[in-house]
Amino acid sequence: MTDVAAIRSALLSWYDREARVLPWRTGPAAGRMGLRSDPYRVWLSEVMLQQTTVPHATPYFLAFTQRWPTVEALAAEQDGELMAAWAGLGYYARARNLLACARAVASQHGGEFPNSEEGLLALPGVGAYTAAAVAAIAFDRKANVVDGNVERVMARLFAVEAPVPEAKPELKRLAGLLVTDERPGDWAQALMDLGATICKPKAPLCDRCPIELFCAARAKGAPESYPRRTKKADRPRRHGVAYIVSRRGETALVRRPDKGLLGGMLGLPTSDWRDRPWSDDEAARAAPILAPWRDLGAVEHVFTHFSLTLRVMVAEADVAGDFVWTPHEGLTALPSVFLKAARAGLERLV
DNA sequence: GACACGTGGAG
DNA sequence: TCTCCAAGTGT
């Protein structure tokens, strides 16, 4: 691997010129002065960015850091407030783990994040990637930071023929060959920036790539065909009913159990989500209260592992019950699937 | 190792 | 419309 030094030099130079300005990054000037990023902000950004695009996560990052400037402030927040602030970002286990992690750091680590990969890895919601990323970016520790971007860059740089996910260990090994003690945080971010802006999944911009000359996939003429992938299984469809119980301009919500889909979030009461559609009678029987239900049509929503056809039913009912009553105009801090159902329902209600 | 777990943008 | 997939983790 005589090219290691040349590849590193080319990519780090590119990063020094082209690094994107992102709210969780300190500027290159601060980096040269030896200033590290705030571990809290680095950690928060890394968790938010898991399986999530920069444009989607950015407004949440800004809102969170304004409202909770420190890990202690976050640790002191109520569960429900945190979950509401996370609504719309998806993968809600991240939010539950975020709070658990903040509380662990506050109560067991004196408010300071562990500064080693191993220590970070022990925290809730911090896996191999996030531990390595925070260690490298916030603490300047040498770490092999491997996310989807890095896997793609490695698959192309070395023209790895094995398909992912089978090739993941090999891709990680290859990434490790390029890691040194020099500028670990910048190296990790350079590699990820390259993957995000140049070495994109489709239509990579090879003519702008600083390491094009080293790229085996480019030499073969089909960089976009890496990494090889195995076919994905078809996404099944499920059917459910969501119920809008309306009372004087308010709607009944329920807190979902911590485990499972949309865990810990507020949502509309629903039936089970099953393989077969729901008839009117079945929908009425599965409802949270006895009432004259009106059919308001259906909405479609796609989750990672299934598609959902969700019928929306509405009833006016002056009931008590174990509900969280929320004004119609306040139905904003909900998972997107319920936002979709509530909006469709309330539109058609008028 | 396989699967559960959200969402929205791009092509 | 439809497929892909984005700075992954927990079980």
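Residue numbers start from 1 in every chain, and the chains themselves are labelled A, B, ... in the order their sequence lines are given, proteins ahead of strands.
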Sugar-phosphate only, base, or nothing, as touched by A:Pro165 at under 4.0 Å among non-hydrogen atoms: nothing

Euclidean distance, atom NZ of residue A:Lys202 to atom C1' of B:dG11 [Å, nearest integer]: 6 Å

Closest to the A:His301 side chain, choosing from C:dT11, C:dG8, B:dT7: B:dT7

Sugar-phosphate, base or nothing in reach of A:Val126, heavy atoms under 4.0 Å: sugar-phosphate

Beyond-backbone contact of A:Tyr91 with A:Gln50, side-chain heavy atoms, under 4.5 angstrom: no

Length of the NZ-C1' vector between A:Lys172 and C:dG8, whole Å: 11 Å

Sugar-phosphate only, base, or nothing, as touched by A:Ser45 at under 4.0 Å among non-hydrogen atoms: nothing

Length of the line joining A:Gln51:CD and B:dG6:P, which is rounded to integer Å: 12 Å

Sugar-phosphate, base or nothing in reach of A:Leu22, heavy atoms under 4.0 Å: base

Residue closer to the 5' end of DNA chain B, A:Pro169 versus A:Pro335 (nearest nucleotide): A:Pro169

Sugar-phosphate, base or nothing in reach of A:Gly260, heavy atoms under 4.0 Å: sugar-phosphate

Value rounded to 0.5 Å, distance of CD in A:Glu117 from CZ in A:Phe139: 12.0 Å

Touch class at under 4.0 angstrom, heavy-atom based, for A:Ala57 against every strand present: nothing

B:dT7 phosphate, OP1 or OP2, under 4.0 Å from A:Tyr92 side-chain N/O: yes

Test salt bridge (Lys or Arg N to Asp or Glu O under 4.0 Å) applied to A:Asp275 and A:Arg237, step by step: CA-CA 7 Å; A:Asp275 295 340; A:Arg237 176 166 300 282; over 6 Å; no

Upstream residue (5' side of DNA chain C) when A:Arg20 and A:Gly125 are each assigned their closest nucleotide: A:Arg20

Atom pair distance, as rounded to whole Å: OH in A:Tyr226 and P in C:dC4: 19 Å

B:dG6 and C:dT11, which share atom name P, separated by this distance in whole Å: 14 Å

Length of the line joining A:Asp147:CG and C:dC5:P, which is rounded to integer Å: 14 Å

Residues A:Arg156, A:Glu224: salt bridge by 4.0 Å N-O rule: no

Touch class at under 4.0 angstrom, heavy-atom based, for A:Arg96 against every strand present: nothing

Phosphate OP1/OP2 of B:dA4: any A:His305 side-chain N/O under 4.0 Å: no

Whole-Å distance separating the CG atom of A:Leu339 from the P atom of B:dG8: 8 Å

Sugar-phosphate only, base, or nothing, as touched by A:Gly195 at under 4.0 Å among non-hydrogen atoms: nothing

A:Phe303 side-chain proximity, nearest of C:dG8, B:dA4, B:dG6: B:dG6

Base B:dG8 to side chain A:Thr52, donor-acceptor N/O within 3.5 Å cut-off: no

Nearest-angstrom distance from the residue atom CD of A:Glu151 to C1' of C:dC5: 13 Å

Out of C:dT9, B:dT7, B:dG6, whichever nucleotide has its closest atom nearest the side chain of A:Arg94: B:dG6

Sugar-phosphate, base or nothing in reach of A:Ser336, heavy atoms under 4.0 Å: sugar-phosphate

Nearest-neighbour nucleotide for the A:Gln50 side chain, C:dA6, B:dT7, C:dT9 considered: C:dT9

Enclosure of A:Leu205 CG (heavy-atom neighbours >12, cutoff 6.0 Å): yes

Selected nucleotide, minimal atom distance to A:Tyr129 side chain, candidates B:dT7, C:dT9, C:dA6: C:dT9

Touch class at under 4.0 angstrom, heavy-atom based, for A:Val47 against every strand present: nothing

Proximity to the side chain of A:Pro201 - top-ranked nucleotide from C:dG8, B:dC5, C:dA6: C:dA6

Selected nucleotide, minimal atom distance to A:Arg229 side chain, candidates C:dG10, C:dC5, B:dG8: C:dC5

Touch class at under 4.0 angstrom, heavy-atom based, for A:Trp43 against every strand present: nothing

Touch class at under 4.0 angstrom, heavy-atom based, for A:Leu262 against every strand present: sugar-phosphate

Touch class at under 4.0 angstrom, heavy-atom based, for A:Pro55 against every strand present: nothing

Polar pair under 3.5 Å, donor/acceptor by atom type, side chain A:Thr53, base B:dG9: no

Between C1' of C:dC4 and NZ of A:Lys200, the distance in whole Å: 14 Å

Sole candidate of A:Phe61, A:Tyr60, A:Tyr40, A:Trp43 that passes ring-ring contact (aromatic ring centres under 6.0 Å, His included) when paired with A:Trp24: A:Phe61

Parallel, tilted or perpendicular: rings of A:Phe338 and A:Trp273 (30°, 60°): tilted

pair A:Leu194-A:Cys209: side-chain heavy atoms closer than 4.5 Å: yes

